[in-house]
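Please read the structure below before turning to the comments.
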Protein chains: 2
Amino acid sequence: MSTRREAVRQALTGSSGFRSAQDLYADLRAEGSKIGLTTVYRALQALSDSGEVDVLRTDDGEAVYRACDTESHHHHIVCRVCATAVEIEGPTVEKWAAEMGAQHGFRDVTHTVEVFGTCANCSR
Amino acid sequence: MSTRREAVRQALTGSSGFRSAQDLYADLRAEGSKIGLTTVYRALQALSDSGEVDVLRTDDGEAVYRACDTESHHHHIVCRVCATAVEIEGPTVEKWAAEMGAQHGFRDVTHTVEVFGTCANCSR
DNA sequence: CCATTTTTGACAACCATTTTCGTTTTCGCG
DNA sequence: CGCGAAAACGAAAATGGTTGTCAAAAATGG
Ligand SMILES: [Zn+2]
Ligand SMILES: [Zn+2]
Ligand SMILES: [Zn+2]
Ligand SMILES: [Zn+2]
């Protein structure tokens, strides 16, 4: 793990919710780093490949990344206002997805689940 | 509904699984239509706004569209080889998502769920 | 018909991401 | 150390899906 890559990891870990590559690049530059945008992309690619960070696409196609507290399979409920994310475990939904797959003759079933809402703070 | 827009709708309805705007454009041109790419995008935008088609982003950021048999809320299980999609109803997952939201104090809870697998055909 | 509005499509602009490539840093080993 | 290979880096250019622009074409309706 190079110094640059570690910096990207920390920038991501130190923020809550999803951040885009451009966001993280701006953050790092703002705090004085001379890192290049290309390197931010490479670091995020590596972190994503190794499963250390979660990546998904926003509705407008931008890739956003998130460092989770645990590396085991789980999901999130995300506030659509402040983007705060709570990690949730879901035996129910895991079982449901597996059953759906079996029922329709699909093998190696995986799934993506995202839950959105307005958090207690933001709905006040 | 203009003729062009209707043509896009039919091109989408007539194919199974998710199709990109560029795919549909190529199809329409191949069958002799003089439609422009811009119009395809505009038609898909309109169809998506009206809830007639489903849109999601692939892992590489491309928007893909699908005409569903029903307009009510449902999910899909998609073959990762041939992209065939089966529509599934899930009271279980609907309830689960709502409960998760309530449990953490979130309001107006929505969710996105996609299930992937290898279909019976493709796993032979 | 004519005036007004809507739709269309060629082309340019956009912008996140990837590629390229020459430079810099790191690493292994004598 | 010293030195050569290998990896990491960053600036700039290229890529590619999508959106904006704008003048022409088509529908509308009086
Ligand atoms: Zn919030
Ligand atoms: Zn799960
Ligand atoms: Zn299949
Ligand atoms: Zn649902």
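Every chain is numbered from 1 and lettered A, B, ... according to where its sequence line falls, protein lines coming before strand lines. Predicted model only: the values in this text are computed from it and were never measured.
What you find for A21(B) and L37(B) is that their closest heavy atoms are O-CD1, 4.5 Å. Between V8(A) and V40(A), the shortest heavy-atom distance links the atoms CG2-CA, 4.2 Å.
Across every strand in view, dG30(D) sits in a pair with dC1(C) that passes the Watson-Crick or G-U test at under 3.5 angstrom.
Atoms CG (L44(B)) and P (dT8(C)) sit 12 Å apart, rounded to a whole Å. Atom P of nucleotide dA8(D) and atom CD of E6(A) are separated by 14 Å, given to the nearest angstrom.
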Derivation of the side-chain hydrogen bond (donor to acceptor under 3.5 Å, both in side chains) call for Y41(A) and Q22(A) = CA-CA 9 Å; Y41(A) 275 105; Q22(A) 315 263 354; 3.0 Å; yes
Worked check of side-chain contact (heavy atoms from CB on, under 4.5 Å) between N121(B) and T84(B) | CA-CA 10 Å; N121(B) 248 354; T84(B) 291; over 6 Å; no
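Under the 30°/60° scheme for interplanar angles, the aromatic rings of H111(B) and H75(B) are found to be tilted.
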Contact state string [nucleotides 9-22 of chain D, B base, S sugar-phosphate only, - no protein heavy atom under 4.0 Å] | BBBB----SBBB--
